[in-house]
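This report concerns only the one structure given below.
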Amino acid sequence: MMTVKEVSNLTGVSIRTLQYYDKIGLLHPAHRTQAGYRLYDDAALERLQQILLFRELEFSLEDIRKILKNPEFDREKTLEQQITLLTLKKQHLEKLIALAEKIRTTGGNVMDFDAFDTQKIKEYAERAKKEWGETTEYQEFEAKNARRTQKESGSINEQLMGLVAAFGTLQTREPADPAVQAQVKKLQDFITENYYTCTKPILYQLGQMYGAGGEFTENINAAGGEGAAEFAQKAIEIYCQ
């Protein structure tokens with residue numbers, strides 16, 4: 001665990017900015033001490049990396065929030081998009097450097113403005129934002145979430161974590177056991193009622209996220225015991241067949 005000051009020193013992100021990210025729900029600390037001090041684990045730092053990559057690409061905080069909260073968020077796919085955008089940005093900078101060097105060499109008599117064209121970068125960025133921020137499920141989630149207080153949203157999120165963590169107590173059974181499958185159905189119904197219509201394809205994707213490692217897996221296993229997330233993934237896979 002790292003304190004907010006240690007994270008600030010490591011990343012170069014100011015303490016005030018980290019506090020603001022917590023306030024707007026973009027990056028919550030993993031834990032708080034009894035005195036209220038924020039503590040960050042590896043999963044939180046991984047999420048901060050995602051945020052900083054998007055900020056480097058000039059995405060707004062609201063766009064980043066939408067992308068990271070999207071129920072269909074795919075970390076690997078997002079990294080591919082970020083790499084593409086960073087490559088386009090690199091090519092753009094290389095063209096600007098080449099133009100500047102050419103101007104210096106010729107004494108300034110160069111009527112070339114192609115290097116200033118950023119349209120390709122803007123078009124790709126907009127496609128990425130649209131892909132992650134405008135799905136039907138996300139719009140449904142936004143509509144439901146807008147009617148809740150921050151306390152109500154926090155309570156629902158805790159209930160969701162409790163439903164997933166409960167798979168930890170079911171690990172003495174087989175994933176296909178009726179009791180385990182009933183828990184999957186309970187999870188699906190809860191998501192549909194409180195977040196968005198949770199179809200089997202979406203539920204399957206969520207199950208893959210639960211057991212894929214990183215923030216989701218660590219949080220679930222911390223709440224439900226070692227292996228809870230991976231067991232939930234297996235149970236969901238069977239349910240969605």
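Start at 1 with the first residue, then count along the sequence.
- Note that CD1 of I236 and OH of Y210 are 5.5 Å apart. Values are rounded to the nearest 0.5 Å.
- Formation of a donor-acceptor pair under 3.5 Å by the Q181 side chain with backbone atoms of P175 is found in this model.
- Panel note: side chain D41, backbone M1; no donor-acceptor pair is recorded below 3.5 Å.
- Partners of R55 by salt bridge (charged side-chain N to carboxylate O under 4.0 Å, His left out), not counting sequence neighbours: none found.
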List the steps and the verdict of side-chain contact (heavy atoms from CB on, under 4.5 Å) for V4 and Y37. CA-CA 8 Å; V4 67; Y37 294 110; over 6 Å; no
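- Without hydrogens or angle criteria, S155 side chain to K151 main chain gives no donor-acceptor distance under 3.5 Å.
- The cluster map of Ile, Leu, Val, Met, Phe, Trp and Tyr, joined by side-chain heavy atoms under 4.5 Å apart, puts V184 and Y204 in different clusters.
- Among all heavy-atom pairs drawn from L163 and K186, the shortest one is CD2-CE, 3.7 Å.
- Distance check, rounded to the nearest 0.5 Å: CD1 of I220 to CZ of F167 gives 9.5 Å.
- To the nearest 0.5 Å, atom CG of residue L52 and atom CG of residue L45 are 10.0 Å apart.
- Between R47 and D42 there is no salt bridge, since no side-chain N of the basic residue sits under 4.0 Å from a carboxylate O of the acidic one.
- Nearest heavy atoms, Q233 versus G211: OE1-CA, 3.2 Å.
- Looking at I97 and E101, their side chains come closer than 4.5 Å, going by heavy atoms from C-beta outward.
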Derivation of the side-chain contact (heavy atoms from CB on, under 4.5 Å) call for I191 and L206: CA-CA 11 Å; I191 294 172; L206 287 172; 3.7 Å; yes
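- Counting only distance, with no hydrogens or angles, the side chain of E6 and the backbone of T3 share a donor-acceptor pair below 3.5 Å.
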Full working for side-chain contact (heavy atoms from CB on, under 4.5 Å) between L187 and V164: CA-CA 7 Å; L187 173 64; V164 182; 3.8 Å; yes
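- The closest side-chain heavy-atom distance from E152 to R147 is not below 4.5 Å.
- With E193 contributing its side chain and F190 its backbone, the two residues share no donor-acceptor pair below 3.5 Å.
- In terms of modelled atom types and a separation under 3.5 Å, the side chain of T192 and the main chain of Q188 share a donor-acceptor contact.
- Looking at D22, its side chain never comes within 3.5 Å of a backbone N or O of H28 through a donor-acceptor pair.
- For Q159, the CD atom counts as densely surrounded, since its 6.0 Å shell holds more than 12 non-hydrogen atoms of other residues, nucleotides or ligands.
- Side-chain polar atoms of Y195 and N157 form a donor-acceptor pair below 3.5 angstrom.
- Q171 approaches E226 most closely through the heavy-atom pair NE2-O, 3.2 Å.
- Among the candidates L68, V7, I51, V13, the single residue satisfying the side chain to side chain contact (heavy atoms under 4.5 Å, CB included) test with L27 is I51.
- For Q19, the CD atom is densely surrounded, since the number of other residues' heavy atoms within 6.0 Å is greater than 12.
- Taking D189 as the reference, K185 meet the salt bridge (charged side-chain N to carboxylate O under 4.0 Å, His left out) condition, with sequence neighbours excluded.
- In this structure, NZ in K23 is found 13.0 Å from OG1 in T17, a value given to the nearest 0.5 Å.
- Distance check: K234 NZ to E174 CD gives 9.0 Å after rounding to the nearest 0.5 Å.
- Shortest non-hydrogen contact noted between A235 and V180 is CB-CG1, 3.5 Å.
- Residue L39 is not grouped with residue M161 when hydrophobic side chains (ILVMFWY) are merged at heavy-atom distances under 4.5 angstrom, including chains of intermediate members.
- Within the model, atoms NZ of K200 and OH of Y239 stand 5.5 Å from one another, a figure rounded to the nearest 0.5 Å.
- The two residues A166 and Q183 make their nearest non-hydrogen contact at CB-NE2, 3.6 Å.
- In the hydrophobic clustering of ILVMFWY residues, with side-chain heavy atoms under 4.5 Å counting as a link, I83 and L93 come out apart.
- In this structure the side chain of Y21 reaches within 4.5 angstrom of the side chain of L61, judged on heavy atoms.
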Evaluate the criterion side-chain contact (heavy atoms from CB on, under 4.5 Å) for residue pair L18 and Y40; output intermediate values, then yes/no. CA-CA 11 Å; L18 291 169; Y40 296 82; 4.1 Å; yes
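- Minimum heavy-atom separation, A176 to I238: N-CD1, 3.7 Å.
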